[in-house]
Amino acid sequence: QVQLVESGGGKVQAGGSLRLSCAASGRVFSIYVMGWFRQVTGKEREFVAAISQFGSTLDYADSVKGRFTISRDNAKNTLNLQMNNLKPDDTAVYYCAAKRSYTNNYAPREYDYWGQGTQVTVSS
């Protein structure tokens with residue numbers, strides 16, 4: 001098992017930036033594909049980005065391409081999401097998640113472990 005804890009959420013104006021982090025503990029971090037999702041109350045959880053075990057392959061939702069960057073530091077058991085040029089539509093609770101295989105990255109059901117989420121609010 002792996003335990004995940006997100007941090008770095010907050011309130012920012014449109015055009016601003018935030019950096020989310022996800023600290024992992026438990027099993028060896030580098031065996032997991034990591035992903036970021038977000039969810040607005042009353043809506044389905046939405047894929048944001050994914051990164052392969054050693055960071056060689058990245059995947060982004062079209063809505064965040066060019067603005068968000070996913071990265072990981074396996075030595076520190078940390079996953080990051082740099083979010084630039086934020087928009088009000090980016091407002092959501094952001095979750096990090098972990099799974100073993102780099103397939104079907106967009107599907108929340110494919111992920112085995114989840115953090116508790118961190119709120120991001122972007123004002124216009």
Side-chain angles (χ1 to χ4, degrees):
Q1 284 193 343
V2 62
Q3 292 78 42
L4 304 173
V5 179
E6 301 95 338
S7 62
K11 297 180 180 180
V12 65
Q13 289 190 330
S17 299
L18 282 174
R19 183 177 178 86
L20 305 183
S21 293
C22 174
S25 60
R27 292 197 64 181
V28 177
F29 181 61
S30 60
I31 70 174
Y32 294 102
V33 174
M34 299 299 297
W36 285 101
F37 286 77
R38 63 189 183 187
Q39 189 169 23
V40 176
T41 302
K43 294 188 176 181
E44 292 186 354
R45 195 161 292 191
E46 176 189 27
F47 171 78
V48 175
I51 186 168
S52 59
Q53 286 90 335
F54 293 96
S56 59
T57 307
L58 310 177
D59 200 1
Y60 293 97
D62 288 342
S63 59
V64 307
K65 280 181 182 176
R67 300 188 299 122
F68 291 11
T69 302
I70 189 171
S71 63
R72 66 190 295 164
D73 185 337
N74 287 346
K76 297 181 179 179
N77 290 356
T78 302
L79 173 73
N80 300 299
L81 185 68
Q82 178 66 42
M83 305 186 295
N84 297 328
N85 191 21
L86 282 160
K87 304 175 180 181
D89 284 349
D90 295 318
T91 295
V93 176
Y94 282 71
Y95 299 89
C96 67
K99 63 186 177 84
R100 293 295 302 271
S101 64
Y102 200 79
T103 56
N104 297 327
N105 291 334
Y106 289 71
R109 67 180 182 277
E110 295 290 327
Y111 291 77
D112 301 309
Y113 305 103
W114 292 85
Q116 84 290 348
T118 185
Q119 176 71 47
V120 171
T121 303
V122 184
S123 60
S124 57

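Only heavy atoms go into these numbers, but all of them, side chains included; no hydrogens, no water, no symmetry mates. Small disclaimer: the values here were computed from a predicted structure and weren't measured.
Residues that satisfy the salt bridge (charged side-chain N to carboxylate O under 4.0 Å, His left out) test with Lys43, not counting sequence neighbours, are absent from this structure. For Tyr32, the ring pair (Phe, Tyr, Trp, His ring centres under 6.0 Å) partners are Tyr113, not counting sequence neighbours. A search for side-chain hydrogen bond (donor to acceptor under 3.5 Å, both in side chains) contacts involving Ser30 returns nothing, not counting sequence neighbours. For Ser25, the side-chain contact (heavy atoms from CB on, under 4.5 Å) partners at least two apart in sequence or on another chain are Gln3.
One distance of note links OG of Ser71 with CG of Leu79; it measures 7.0 Å at 0.5 Å rounding. To the nearest 0.5 angstrom, Lys11 atom NZ is 6.0 Å from Thr121 atom OG1. Distance check, rounded to the nearest 0.5 Å: OG1 of Thr41 to CD of Gln39 gives 7.5 Å. A distance of 9.0 Å separates OG1 in Thr57 from CD1 in Ile51, rounded to the nearest 0.5 Å. Arg109 contributes atom CZ, which lies 14.0 Å from atom CZ of Arg45 (distance to the nearest 0.5 angstrom).
The closest side-chain donor-acceptor pair between Asn80 and Gln82, if any, does not fall under 3.5 angstrom.
Across all non-hydrogen atoms, the minimal contact from Ala24 to Leu4 is CB-CD2, 3.8 Å. Residues Thr78 and Ser21 approach most closely at CG2-CB, 4.4 Å, considering heavy atoms. Closest heavy-atom contact between Pro88 and Ala14: CD-CB, 4.1 Å. Minimum interatomic distance between Leu20 and Gly9 (heavy atoms only, all atoms of both residues): CD2-N, 3.6 Å. For the pair Arg38 and Val64, the tightest heavy-atom approach, listed with the atom from each and the gap, is NH1-CG1, 4.0 Å.
No side-chain donor-acceptor contact under 3.5 Å links Gln119 to the backbone of Thr91. Between the side chain of Arg72 and the backbone N or O of Ser52 there is at least one donor-acceptor pair closer than 3.5 Å. Remark: side-chain polar atoms of Arg67 are paired, donor with acceptor, to backbone N or O of Asn85 under 3.5 angstrom. Judged purely by atom type and a 3.5 angstrom limit, Asp73 uses its side chain to pair as donor or acceptor with the backbone of Lys76. At distances below 3.5 Å, at least one donor-acceptor pair connects side-chain atoms of Glu6 with backbone N or O atoms of Gly117.
Looking only at side-chain heavy atoms (C-beta outward), Gln53 and Val33 come within less than 4.5 Å of each other. Met83 places none of its side-chain heavy atoms less than 4.5 Å from the side chain of Val122.
Applying the disulfide bond (SG atoms under 2.5 Å apart) test to every pair with at least one member in residues 10-103, sequence neighbours left out, gives these pairs: Cys22-Cys96. For the ring-ring contact (aromatic ring centres under 6.0 Å, His included) condition, no pair includes a residue of residues 53-103, sequence neighbours left out.
One hydrophobic cluster holds both Val93 and Phe47 under the rule that ILVMFWY side chains link at heavy-atom gaps under 4.5 Å. Hydrophobic clustering, with ILVMFWY side chains joined whenever heavy atoms are under 4.5 angstrom apart, groups Met34 together with Leu58. Cluster membership for Val120 and Trp114, using ILVMFWY side-chain heavy atoms within less than 4.5 angstrom, is not shared. Neither Val12 nor Val40 shares a network with the other; the hydrophobic side chains, linked directly or stepwise wherever heavy atoms of I, L, V, M, F, W or Y lie under 4.5 Å apart, form separate groups for each.
Crowding of Gln116 atom CD: a count of heavy atoms from other residues, nucleotides or ligands under 6.0 Å exceeding 12.
Between Tyr111 and Phe37, the ring planes are perpendicular. Angles over 60° get that label, and only those under 30° would be called parallel.
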Next on the checklist: Please determine whether salt bridge (charged side-chain N to carboxylate O under 4.0 Å, His left out) holds for the pair Asp90 and Lys87, giving the CA-CA distance in whole Å, both sets of side-chain angles, and the decisive distance to 0.1 Å.
Outcome noted: CA-CA 5 Å; Asp90 295 318; Lys87 304 175 180 181; over 6 Å; no
